[in-house]
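This report refers to the structure that appears directly beneath it.
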Amino acid sequence: MTFEPSASQAQIDARQHAFANQPDPTTLVSREEIRAALLDRHTAATQDKLDAAHVAICGCGGLGSTIAVALTRIGVGHLHLIDFDRVDMTNLNRQQYFLKDLGQYKTEALRSNLRQINPFIDITIDTVKVTDENVPTLFDNEDIICEAFDVPENKTMLVNAVLENLPNKKLVSASGMAGFRSSNLVNTRRVSKNFYFCGDGETAPVPGAGLMAPRVGVVACHEANMITRLILGEEDA
């Protein structure tokens, strides 16, 4: 079964207007107020490490957008969002987008949404497809690379390319998150020195149990928590 969009031109125009006319978040809050709130929760020693971290998120779908929201909320200082796709209605069942984002590039829509949480985080976007050819240069500024693709072949490509070309970078990946099986089957494990894996490793989408927000969110938060641990110097899964 294939979803067929049915929005009228007036609705499409209204979505674009809503996206283009969001409030400027820097008029709503100061950098000092946000930082004070983070320090109240994390202490300066922890927050200083989060502020300095550089994390790349490859894929801004159900995994990547949820990871990005979590890392933004804890104040990770530098995020690099990478995706080539646009937001569509079938994404809204699990991805961190809104009706106003429909039709927008995911990188641009996600950056805009993250800025409504913390406008003072440094967010870089690349609206490109990750390939074997661009992996060696795409992550020059990042300490940690997060794989957050939907397609298994893309996951394998990125993992293999990073391990081969960038062996000193930390890599956090995921697989096995579909449907509504028990959350207790999801775990995080250290595969090798710099490679970490989250998920149950086996559950693929099937009709009636596809990619659904709760379980995708569980795996995404496993990835976000492992990234946080790495930033704070904890290398065990």
Side-chain angles (χ1 to χ4, degrees), residues 1-3 5 15 41 50 55-76 79 81-83 85-107 109-118 144-156 158-159 171-191 196-231 234 237:
M1 185 174 180
T2 302
F3 175 78
R15 294 169 186 171
R41 294 297 181 183
L50 294 169
V55 179
I57 300 174
C58 302
C60 296
L63 287 173
S65 64
T66 302
I67 293 162
V69 167
L71 297 182
T72 296
R73 290 196 182 281
I74 64 168
V76 170
L79 296 179
L81 310 178
I82 305 165
D83 201 305
D85 204 3
R86 294 179 183 267
V87 181
D88 69 48
M89 188 67 73
T90 65
N91 300 147
L92 299 187
N93 83 312
R94 68 194 186 282
Q95 302 182 18
Q96 304 303 314
Y97 300 105
F98 304 92
L99 292 172
K100 66 174 177 58
D101 300 322
L102 293 172
Q104 305 294 329
Y105 282 113
K106 290 183 178 180
T107 50
L110 185 55
R111 177 176 61 182
S112 179
N113 292 339
L114 298 177
R115 291 186 75 242
Q116 297 295 325
I117 299 170
N118 185 341
I144 301 169
I145 301 167
C146 177
E147 179 279 306
F149 292 139
D150 289 338
V151 179
E153 291 77 12
N154 294 341
K155 291 176 177 291
T156 301
L158 178 61
V159 168
L171 173 63
V172 180
S173 181
S175 183
M177 67 206 73
F180 47 89
R181 296 178 72 194
S182 173
S183 298
N184 296 328
L185 299 174
V186 173
N187 60 40
T188 300
R189 59 189 175 91
R190 189 177 188 178
V191 179
Y196 299 81
F197 178 86
C198 306
D200 68 26
E202 62 181 31
T203 307
V206 296
L211 295 170
M212 304 169 80
R215 205 159 190 269
V216 170
V218 169
V219 176
C221 286
H222 267 255
E223 286 197 84
N225 191 58
M226 191 65 243
I227 291 166
T228 302
R229 287 176 56 75
L230 292 171
I231 292 169
E234 297 290 338

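Annotation: side chain of Leu71 is in contact with side chain of Thr228 (closest heavy-atom distance under 4.5 Å). Taking 4.5 Å as the limit, some side-chain heavy atom of Arg215 sits within range of a side-chain heavy atom of Val186. Contact of the Leu230 side chain with the Val172 side chain is registered, since non-hydrogen atoms from C-beta on lie closer than 4.5 Å. Side-chain contact between Pro5 and Asp88 is absent, with no heavy atoms from C-beta onward closer than 4.5 Å. Proximity of Ser112 to Phe98: side-chain heavy atoms (C-beta onward) are nowhere separated by under 4.5 Å. For the pair Val87 and Arg15, the minimum side-chain heavy-atom distance is 4.5 Å or more. Inter-residue side-chain proximity for Val191 and Leu171 is flagged as unmet; no heavy-atom pair is nearer than 4.5 Å. Annotation: side chain of Met177 is in contact with side chain of Leu211 (closest heavy-atom distance under 4.5 Å).
Within the model, atoms CG of Asp83 and CZ of Phe149 stand 7.5 Å from one another, a figure rounded to the nearest 0.5 Å. Interatomic distance, CG of Asn113 versus CD of Gln96, reported as 9.0 Å (0.5 Å rounding). Interatomic distance, Thr66 OG1 to Glu223 CD, rounded to the nearest 0.5 Å: 10.0 Å. Put simply, CG on Asp101 and CG on Asn91 are 10.0 Å apart, with the number rounded to the nearest 0.5 Å. Interatomic distance, CZ of Arg73 versus CG of Asn118, reported as 10.0 Å (0.5 Å rounding). Note that CG of Leu63 and CD1 of Ile57 are 10.5 Å apart. Values are rounded to the nearest 0.5 Å.
Across Gly59 and Ala148, no two heavy atoms sit closer than the pair O-CB, 3.6 Å. Taking all atoms of both residues into account, the shortest heavy-atom contact from Ala237 to Thr188 is CB-O, 3.6 Å. Of all non-hydrogen atoms in Phe197 and Ala174, the two that sit nearest each other are CE1-C, 4.1 Å. Listed here is the closest heavy atom pair of Ile67 and Cys146: CD1-SG, 3.5 Å. Ala70 approaches Ala224 most closely through the heavy-atom pair CB-CB, 3.9 Å. In plain terms, the two heavy atoms of Ala178 and Pro205 that are nearest each other are CB-N, 3.4 Å.
No donor-acceptor pair under 3.5 Å is formed between the side chain of Asn225 and the backbone N or O of His222.
In this structure, Arg190 is not positioned above the aromatic face of Tyr196 in the sense of NZ or CZ being under 6.0 Å from the six-membered ring centre and within 45° of the axis.
Of the candidates Lys155, Arg94, Lys106, Arg94 is the only one forming a salt bridge (Lys or Arg N to Asp or Glu O under 4.0 Å) with Asp150.
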- request: Go through the steps to decide whether Val55 and Ile231 satisfy the test side chain to side chain contact (heavy atoms under 4.5 Å, CB included), and finish with yes or no.
  value: CA-CA 9 Å; Val55 179; Ile231 292 169; 4.2 Å; yes
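Ser173 and Glu147 share a side-chain donor-acceptor pair at under 3.5 Å.
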